[in-house]
Amino acid sequence: MSVDKDTVRRIARLARIAVPETRLEPLAAELNGIFQWVEMLGEVDVEGVPAMTSVVAQKLKWRMDEVTDGGKADDLMINAPEGEDHFFIVPKVVE
Amino acid sequence: MSDPTKPTSLASMTLAEARDALRAKKISSKELTGAFVSAIQAARPLNAFITEAGEQALAMADASDRRIARGEAGALEGLPLAIKDLFCTKGVRTTAASRILGNFVPPYESTVTQNLWDAGAVMLGKTNLDEFAMGSSNETSFFGPVFNPWRASNSNANLVPGGSSGGSAAAVAADLCLAATGTDTGGSIRQPAAVTGRVGMKPTYGRCSRFGIVAFASSLDQAGPMTKTVKDAAIMLKTMAGVDRKDSTSVDLPVPDYEKLMEGSVKGLRVGIPREYRIDGAPAEIDALWSKGAEWLKAQGAEIVDVSLPHTKYALPTYYIVAPAEASSNLARYDGVRFGHRAEGPHDVVDLYERSRGEGFGAEVQRRVLIGTYVLSAGYYDAYYARAQKLRTLIARDFTEAFEKCDVLLTPATPGPAFAVGSKTADPVQMYLNDVFTVTVNLAGLPGISVPAGLTANGLPLGLQLIGKAFDEGTLLRAARAVEEAADFQHSPARWWSA
Amino acid sequence: MSASVKDKTIKGETGDWEIVIGMEVHAQVLSESKLFSGASTRFGADPNSQVSFIDAGFPGMLPVINEKCVEQAVRTGLGLKAQINLNSIFDRKNYFYPDLPQGYQISQYKNPIVGEGEVLIDLKDGETIRVGIERLHLEQDAGKSLHDQHPDNSYVDLNRSGIALMEIVTRPHMRSSEEAAAFLKKLRAIVRYLGTCDGNMDEGSMRADVNVSVCKVGGYEEFRRTGSFRTLGTRCEIKNVNSMRFIAQAVEYEARRQVELIEGGGTVVQETRLFDAKAGETRSMRSKEEAHDYRYFPDPDLLPLELDPAWVEEIRKSLPELPDEKKARLMKLGLSAYDASVLVGERETADYFEAMLAAGAEAKAAANWLNNEYFGRLNRTGLSITDGPVSPKANADIIAMVAEGLISGKIAKDVLDIEWNERTGNPRAAIVEARGMKQVTDTGAIDAAIEAVIAANPDKVEEVKAKPKLAAWFVGQVMRQTGGKANPAAVNAALKVRLNLPDEG
Ligand SMILES: [Mg+2]
Ligand SMILES: [Zn+2]
C-alpha cells in the first residue's frame with residue numbers, strides 16, 4: 001500500500017489538522033517510509049490469534065450509581081478560550 | 001553555593017539518604033528544597049524544566065518541616081521531586097510540552113502526584129518532555145530540546161537526554177531533584193534513564209493509576225519513577241502505585257513493601273537471556289556490557305538461561321501502529337473549544353479545529369496522529385490495527401513462555417549511548433529504533449527497569465534492562481539491585497552547564 | 001396477497017409500492033448519574049452544571065462504568081426477549097463535533113451487550129406483528145449546541161454529555177407509518193414497565209432515527225424469504241424524530257418522496273435526512289454526510305464488559321409483568337384483545353385498571369367503563385390517567401352500583417360527572433343518596449310511566465307488536481319519562497308483560 005498526496009489530504013481532513021499544500025508531498029513520503037517498514041507485519045501468520053483486549057489479566061471495575069461529581073461550571077470555564085454564561089462558544093454550526 | 005562545579009552535598013544525596021537525614025532531623029526540608037531550587041536556576045541551560053515552582057516548593061517544604069516537627073511525617077516527607085509535565089497538577093500549568101495546551105492550568109491533580117503529595121513530597125517543578133511524550137530524544141518539545149548533562153569526553157557537542165521523559169532524566173542526572181516521575185509508553189522512562197546514567201522503572205501496566213496523566217496511548221502508558229538508585233525506585237514506587245477507582249485499568253492488588261523485597265540475594269534466580277535481542281549492527285560495547293551483566297548475576301548465584309522471544313522483531317512496527325492509533329483518538333479532545341490553543345478568527349467550526357490543531361501540534365505529533373487516523377480508517381483497520389493487536393497477543397505469549405524458564409530477563413536498555421542533538425531527526429524510522437529493546441515490554445504490559453551499568457569508551461553512560469513478570473516488581477527490583485551493586489556505577493557528569 | 005398488505009401500498013404512476021421501515025431508537029437510561037462519570041442526569045439544569053471533567057473531555061480524564069446503567073441495559077434486553085451477551089466491548093466512535101468533547105463517543109460496535117430480540121405490536125385491525133430487534137447497545141449521549149442565541153456563534157452545554165443511552169436497532173420489519181408509530185409506542189411501554197427509561201419524548205429521553213425505503217410490491221416478501229436486501233430499495237435515515245405523530249408524518253412524506261423520485265427517473269441516494277415538523281417534510285442533512293469514517297476501535301481505557309450469568313438471572317427473576325403478558329392475563333378475564341391492548345398500552349393505565357379490579361370491579365365492566373366513559377373525559381380535558389380526578393376505587397364503585405341494579409348506565413354517567421367535579425371519593429354514599437338518584441325499581445312508578453308512553457304513541461304499539469325489536473324504543477321513552485332513574489331491567493320486564501311480547505324480544 002502506498003500513501004499519496006490525496007490520501008494525506010483526506011486523512012488530515014479526517015484528523016482535523018490543517019496541513020499546508022506544500023507539506024502534503026513530503027508527508028506522504030515520510031508516511032510511506034514508515035508504512036514500508038511496518039509492512040513486515042504481513043509476514044506473520046495471525047490466523048486464529050485473538051486480538052489483545054486487555055494487557056494484563058484483570059476485570060473491569062464498576063462504580064455505584066451515585067451523583068458524586070458536577071456543580072463545577074466555573075472550574076470548567078477557567079481554561080476556555082471563549083465562553084459566556086457558562087457556555088462554551090464556537091463559530092455557528094449550521095445543520 | 002560554595003563551588004558550583006561540584007555537586008553540593010545536599011543535592012547529590014540519594015532519596016533514601018535524604019529521607020533518613022530528614023527523619024533524623026539532620027537537615028530540614030526547607031534547606032534541602034532551597035538547594036534544589038538554586039540548582040534548578042543554575043541549570044537552565046539544560047532546559048530540563050518547563051515550569052519551575054520554587055516558591056510553591058519552599059512553602060511545601062515549610063509545611064513538611066512542621067509536620068516532621070509534629071511527628072506526622074509521611075513516607076516521602078519533605079523530599080523534593082520533579083514531575084514530568086504530563087501529570088496534571090492542580091493550579092500549576094500543565095503543557096505536555098505542546099503549544100496546543102497553551103496555558104492550561106488543571107483544576108485537578110493526577111492520582112500519582114496526589115499520592116506523592118499525600119506522602120509529604122515537595123514539588124520542584126514540571127519537567128520538559130517530547131511533545132505528548134512522542135519521541136525518544138526530547139527534541140519534539142514545543143519548549144525546545146533538553147540537553148543531556150553528559151557530554152562525550154573531549155567534546156562539547158550537546159547530546160540528547162533520551163525521551164520522552166528527557167527533562168526528568170536530565171534533572172535526576174544533574175542533581176536538580178532527588179527523584180522524578182516519568183511515563184513510559186514505549187521506553188520513555190527506561191531509555192532516557194539509561195543514556196543519562198540513572199535508574200528508570202516502568203511498573204506493570206495497571207500498577208500506577210493513569211488518572212490525570214495526559215494520555216498518549218492508553219493501553220501502553222504507565223507512570224514510573226526515575227531515580228539515582230534502585231532503592232530509591234523502590235521507595236518511589238511504593239507511594240506512586242496503588243489501585244484507583246478513577247482508572248478502570250488500575251489493578252486491585254496490594255502494594256508490597258518494595259524496599260524490603262528489593263533486599264536479599266539473587267542466588268538461584270533464573271535470569272533469561274533472550275537471543276533475539278542480539279541485533280545486527282549493534283555497537284560491540286552494548287554486547288560486551290550485556291555479557292558482563294550476565295556474568296555479574298551469575299557470580300552472585302543466579303542461573304543464566306537462554307530463552308527465545310521469537311516475535312521480538314515485530315514489536316517496534318506493532319508499536320508504531322497501536323500507539324499512533326490510540327493517540328489519534330486520545331488527542332482528538334485538543335480542539336480549541338474548552339481549553340488550550342485556539343486559532344484566531346475561525347470562519348467556521350471545521351476551520352477552528354483544523355487551524356487550532358495545525359498550529360498547536362508539532363510535526364512529530366501530527367505525523368503520528370495522521371498514521372493513527374490512517375490505520376484505523378475504513379479499509380485499513382484489519383490490515384493494520386487488528387493485525388497489530390494480534391501481534392501483541394503473540395508478543396505477550398512469547399514472554400509468558402519465556403517466563404516458564406526464568407524469573408527475570410536481562411537485555412540491553414538501548415541500542416547505543418546518547419547521540420548528538422539533531423543527528424536523528426531527519427529519519428523517523430531511525431529515531432523509532434531507539435526503543436527497540438524497551439517497546440516489547442509495553443506491548444506485553446510487563447514491568448521493566450533500566451540500571452546504569454557502565455560507560456562507553458568516550459565516557460557516556462549505558463544501561464542494562466531487566467524485565468519481570470507481571471506484578472512481580474519485587475523480584476525485578478532485587479535483580480536490578482544485584483546488577484547495580486556489581487556495576488558500582490559511581491560516575492557523574494561534569495557540571496558544564498553552571499560553569 | 002392479504003388484504004392488510006394491500007392497505008399498506010402506495011399507488012404510484014407505474015404501479016403499487018411497498019414501504020419498508022426499520023428504526024434506531026435512542027432511549028435514555030434511567031439512572032442517577034452518567035454512564036462513565038458521577039455527574040447527575042437530572043433534566044433542565046443550568047448550563048454545564050452537571051458536567052464532570054470526564055464529560056468535558058479534559059486531559060487525563062478516564063471513564064469508569066456505572067453498574068446501574070449496565071443493569072438497565074440487561075433488564076431492557078430481557079424485556080425485549082433478547083439474548084444477553086455476557087461479553088461485550090466498548091468502542092470509540094471517532095468524529096469531531098462541538099458537543100462531543102472527547103472527539104469520540106464511547107459506544108458498542110461489533111460486540112453489543114444485547115443481541116437479537118423481538119417486539120410484538122397490535123394493530124387496530126386486530127393483527128399482531130413481530131418486529132425483530134437486531135441489537136441493543138450502551139453508549140454516551142452528546143452535549144447540546146444552541147444555535148439561536150447569537151448570530152455568529154453556537155453555545156455548547158455539556159449537561160447531556162455522557163448520559164447513558166440504549167440504542168435499540170430493529171430489523172426492517174415495519175411496513176406502514178401506523179406500524180412504525182405502533183412499534184415506538186410499544187417499545188416505550190416496555191421500557192416504562194421495566195423502569196429503564198422514562199420514555200419522555202419531550203425531554204429527549206426517547207428519540208427515533210427512522211430508516212425508510214420503498215420497493216415494488218413483492219419485494220418485501222422476497223426479502224423476508226431470502227434475507228437478502230437485494231429486493232429492497234435504498235434507504236434514507238430520518239434523524240431524531242421526537243414524537244409519535246411526527247414519525248407517521250415523516251414516514252408518509254419520505255415514502256411518497258422516494259416513489260415520486262424513482263418514478264420520475266431518479267434514484268434514491270442513501271443519506272441522512274432531517275424531519276422538518278413545521279413544513280411536514282424531510283430534508284437532506286448534507287453536513288452529516290461528509291467523511292463518514294468513524295474509525296471504531298475498542299476503547300483502551302475500558303476492559304471488556306463481563307457479566308456474571310447468575311446476576312443476569314437475578315435480573316430476569318425481578319422483571320415485572322410486561323404488556324404482552326398482562327394483555328394475555330386480561331384476556332383470560334374476559335376482555336377483548338383490543339380492550340386489553342388499550343389498557344396495557346401505558347403502564348399507568350394498566351396500573352389504574354388493576355387498581356379498579358383490586359377495588360372489586362368486574363374486569364369486563366371496568367374495561368368498558370374506562371374505554372367508553374372515563375378515557376373520553378380524560379382525552380377531552382387533556383389529562384393523563386395519573387392526573388385524572390376520579391380514583392380507581394370511585395370508578396369501581398360506580399360500575400358496582402350499576403351491576404347491583406342500584407343505578408342505570410345513564411345515571412352512572414351523571415354520577416361520574418359529579419365525581420369528576422367534586423372528587424368526593426365516595427360516589428356510593430355521598431352522591432346517589434344525597435341527590436335522590438337512586439334507581440326507581442318501584443313497579444308502580446314504572447307502570448305509570450309505561451301507560452303514559454302508550455297513551456301518547458298508539459301507532460307505535462302496533463308496530464312493536466309486529467317488530468318486537470322496537471321495544472328498545474319504548475324502554476328509552478320510559479327511561480326519559482322517569483328522568484333516567486328507572487331500572488332498565490325492570491322497565492324491560494314490565495313492558496314485556498304490558499305489550500305481551502315474546503321473551504327473546
Ligand atoms: Mg446509530
Ligand atoms: Zn447511537
Side-chain angles (χ1 to χ4, degrees), chain A residues 1 3 7-8 10-20 23 27-28 30-31 33-64 72 74-83 88-94, chain B residues 104-105 107 204-206 219 245 248-249 251-252 311 313-314 317-318 320-321 328 335-342 346-355 357-359 361 366-367 369-371 373-374 377 380 383-384 386-394 396 427-429 444-445 470-471:
Chain A
M1 274 167 269
V3 179
T7 309
V8 177
R10 183 177 63 79
I11 57 175
R13 175 80 176 173
L14 258 182
R16 294 286 189 270
I17 295 178
V19 174
R23 279 287 298 146
L27 258 172
E30 281 170 26
L31 296 192
I34 294 164
F35 284 118
Q36 266 160 32
W37 169 65
V38 164
E39 285 303 307
M40 76 164 92
L41 298 186
E43 296 166 10
V44 187
D45 180 9
V46 292
E47 189 65 32
V49 177
M52 183 174 272
T53 49
S54 94
V55 191
V56 293
Q58 62 183 128
K59 276 197 108 173
L60 183 64
K61 277 190 279 298
W62 296 13
R63 49 167 246 277
M64 305 255 281
K72 50 176 66 148
D74 288 337
D75 275 352
L76 281 170
M77 303 308 294
I78 51 172
N79 286 288
E82 220 185 321
F88 297 106
I89 293 180
V90 295
K92 198 167 194 95
V93 182
V94 210
Chain B
F104 177 65
V105 178
T204 313
Y205 183 84
S219 74
R245 56 183 179 77
S248 302
T249 61
V251 174
D252 196 0
H311 295 93
K313 75 166 178 169
Y314 303 111
T318 296
Y320 276 95
I321 291 173
S328 71
D335 59 7
V337 176
R338 297 163 316 286
F339 45 78
H341 176 74
R342 182 186 186 109
H347 57 78
D348 63 20
V349 171
V350 173
D351 184 48
L352 166 68
Y353 291 153
E354 291 187 336
R355 283 200 291 121
R357 291 164 62 81
E359 295 162 5
F361 292 142
Q366 293 197 15
R367 186 183 294 135
V369 169
L370 293 179
I371 293 170
T373 304
Y374 183 73
S377 68
Y380 298 101
Y384 288 115
R387 175 168 283 265
Q389 287 291 37
K390 289 175 184 180
L391 266 141
R392 253 184 112 168
T393 301
L394 294 175
D427 182 354
V429 175
F471 302 107

Can you tell me which of [options] forms the most heavy-atom pairs within a distance under 4.5 Å of chain B?
| options | answer |
| --- | --- |
| A:V49, A:I78, A:V90, A:V19 | A:V49 |
| A:M40, A:R10, A:K92 | A:M40 |
| A:R23, A:E30, A:K59, A:K72 | A:E30 |
| A:L60, A:L31, A:V44, A:V38 | A:V44 |
| A:D75, A:T7, A:V56 | A:V56 |
| A:G83, A:A15, A:P81 | A:P81 |

With only heavy atoms counted, which part of [X] is less than 4.5 Å from chain A, the side chain, the backbone, both or neither?
| X | value |
| --- | --- |
| B:V429 | side chain |
| B:P428 | side chain |
| B:T318 | both |
| B:L352 | side chain |
| B:H311 | side chain |
| B:S328 | neither |

Where the side chain of B:D348 meets the backbone of A:P91, is there a donor-acceptor pair that is under 3.5 Å apart?
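Side chain of B:D348 to backbone of A:P91, a donor-acceptor pair under 3.5 Å: no, none is there.
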
If only atom types and distance count, is the side chain of B:T373 paired as donor or acceptor with the main-chain N or O of A:I11 below 3.5 Å?
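No, because the side chain of B:T373 does not come within donor-acceptor range (under 3.5 Å) of the backbone of A:I11.
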
Hey, which of [options] has the most heavy atom pairs under 4.5 Å with chain A?
| options | value |
| --- | --- |
| B:E359, B:Q366, B:H347, B:H341 | B:Q366 |
| B:A396, B:A386, B:A470, B:S219 | B:S219 |
| B:V369, B:L394, B:D427 | B:L394 |
| B:T204, B:L391, B:D351 | B:L391 |

Step-by-step side chain to side chain contact (heavy atoms under 4.5 Å, CB included) determination, A:R13 to B:V350
CA-CA 9 Å; A:R13 175 80 176 173; B:V350 173; 3.4 Å; yes

Within this structure, what is the [atom1]-[atom2] distance for the pair [X] and [Y], rounded to the nearest 0.5 Å?
| X | Y | atom1 | atom2 | value |
| --- | --- | --- | --- | --- |
| A:R16 | B:D335 | CZ | CG | 11.0 Å |
| B:R338 | A:M77 | CZ | CE | 10.5 Å |
| B:Y320 | A:I34 | OH | CD1 | 8.5 Å |
| B:I321 | A:L41 | CD1 | CG | 5.0 Å |
| A:K61 | B:R245 | NZ | CZ | 11.0 Å |

Evaluate the side chain to side chain contact (heavy atoms under 4.5 Å, CB included) criterion for residues A:V8 and B:Y374: first the C-alpha distance (whole Å), next the side-chain angles of each, then the deciding distance (0.1 Å), finally the verdict.
CA-CA 9 Å; A:V8 177; B:Y374 183 73; over 6 Å; no

Select one option (side chain, backbone, both, neither) describing which atoms of A:S54 are under 4.5 Å from chain B's heavy atoms.
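Nothing of A:S54, per the 4.5 Å heavy-atom cut-off to chain B.
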
Do A:Q58 and B:D252 come within less than 4.5 Å of each other through their side chains, counting heavy atoms only?
no

Where do A:I17 and B:G358 come nearest, in terms of heavy atoms and distance?
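Closest pair (atom of A:I17, atom of B:G358, distance): CG2-CA, 3.9 Å.
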
